[in-house]
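Shown next, in structure tokens, is the structure this report addresses.
Side chains included, hydrogens not; waters and symmetry mates left out as well; all remaining heavy atoms used.
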Amino acid sequence: MTYVIALPCVDLKDRACVDECPVDCIYEGGRSLYIHPEECIDCGACEPACPVEAIFYEDDLPEQWKDYQAANAGFFDDLGSPGGAFKVGALTHDHPLVAALPPQEQAS
């Protein structure tokens with residue numbers, strides 16, 4: 001089990017969750033953040049830190065965002081498990097689900 005970042009993060013990437021993660025398992029893509037499912041220790045520190053409520057425990061992921069579970073995991077298909085986002089830095093690509101989305105307007 002792991003936490004998942006869903007649609008509200010796309011084109012926002014607030015990064016408050018990154019500051020709270022004790023194991024550095026939240027990676028930055030071009031348009032969204034992604035939680036590495038094998039590196040996440042399920043501590044839950046990221047969830048309350050998210051200002052747009054984009055992070056969910058996978059069993060609690062709303063039905064309309066269920067595809068984001070596979071998108072979070074699939075983001076790491078080529079990257080593997082580098083053992084921490086800091087080592088990799090910000091990446092320019094996204095999972096195809098996120099990449100195909102139109103630009104997301106954020107509430108002000």
Side-chain angles (χ1 to χ4, degrees):
M1 298 296 191
T2 189
Y3 282 82
V4 174
I5 297 177
L7 180 66
C9 184
V10 176
D11 294 330
L12 176 66
K13 299 190 313 184
D14 176 80
R15 299 183 49 82
C17 58
V18 173
D19 295 338
E20 295 300 319
C21 180
V23 294
D24 192 31
C25 72
I26 303 173
Y27 291 71
E28 183 174 352
R31 296 180 62 196
S32 187
L33 300 173
Y34 301 86
I35 297 175
H36 197 299
E38 294 176 13
E39 295 175 5
C40 178
I41 59 169
D42 302 330
C43 70
C46 59
E47 186 178 18
C50 181
V52 293
E53 299 178 355
I55 301 174
F56 299 88
Y57 190 66
E58 70 180 307
D59 288 345
D60 299 330
L61 195 60
E63 190 62 40
Q64 73 267 26
W65 296 330
K66 289 289 185 187
D67 291 345
Y68 284 85
Q69 183 175 355
N72 268 248
F75 180 77
F76 300 98
D77 285 350
D78 292 333
L79 186 60
S81 186
F86 182 75
K87 294 177 184 178
V88 186
L91 301 167
T92 58
H93 71 281
D94 283 290
H95 184 273
L97 174 85
V98 172
L101 290 170
Q104 302 296 300
E105 292 187 29
Q106 303 299 326
S108 17

Just verifying a value: how many Å separate [X] [atom1] and [Y] [atom2], rounded to the nearest 0.5 Å?
X	Y	atom1	atom2	result
C43	Y3	SG	OH	7.5 Å
C50	D14	SG	CG	7.0 Å
E38	T2	CD	OG1	9.5 Å
I26	N72	CD1	CG	10.0 Å
H93	D78	NE2	CG	7.0 Å
Y57	D42	OH	CG	5.0 Å

request  = Could you please spell out the steps behind the side chain to side chain contact (heavy atoms under 4.5 Å, CB included) verdict for C40 and V23?
outcome  = CA-CA 7 Å; C40 178; V23 294; 5.8 Å; no

Kindly give the heavy-atom pair with the smallest separation between [X] and [Y], and that separation in Å.
X	Y	value
W65	P8	CH2-CG, 3.5 Å
I5	C9	CG2-CB, 3.4 Å
I55	I35	CG2-CD1, 4.1 Å
V88	P82	CG2-CG, 3.5 Å
P51	A16	CD-CB, 4.4 Å

key: Side-chain (K66) to main-chain (L61) donor-acceptor, under 3.5 angstrom   =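 Flag set: sc K66 to bb L61 pair under 3.5 Å.
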
message = Quick one: does any side-chain atom of D60 pair with a main-chain N or O of F56 as donor and acceptor, under 3.5 Å?
response =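 Here the side-chain-to-backbone pair does not exist.
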
request  = Test Q104 against L7 for side chain to side chain contact (heavy atoms under 4.5 Å, CB included), laying out the working first.
outcome  = CA-CA 9 Å; Q104 302 296 300; L7 180 66; 3.7 Å; yes

Acceptor/donor pairs from residues 94-102 side chains to any protein atom, 3.5 angstrom cut, sequence neighbours excluded:
| residue | atom | partner | partner atom | Å |
| --- | --- | --- | --- | --- |
| D94 | OD1 | G30 | N | 3.4 |
| D94 | OD1 | R31 | N | 3.1 |
| D94 | OD1 | S32 | N | 3.4 |
| D94 | OD1 | Y34 | OH | 2.7 |
| D94 | OD2 | G30 | N | 3.3 |
| D94 | OD2 | R31 | N | 2.7 |
| H95 | ND1 | L97 | N | 3.0 |

Residues in ring pair (Phe, Tyr, Trp, His ring centres under 6.0 Å) contact with F76, at least two apart in sequence or another chain =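 So F76 forms a ring pair (Phe, Tyr, Trp, His ring centres under 6.0 Å) with Y27, H36.
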
request  = State, yes or no, whether a side-chain contact exists between F75 and L91 at a heavy-atom distance under 4.5 Å.
outcome  =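 Sidechains of L91 and F75: in contact.
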
Worked check of side chain to side chain contact (heavy atoms under 4.5 Å, CB included) between E20 and E47 = CA-CA 9 Å; E20 295 300 319; E47 186 178 18; over 6 Å; no

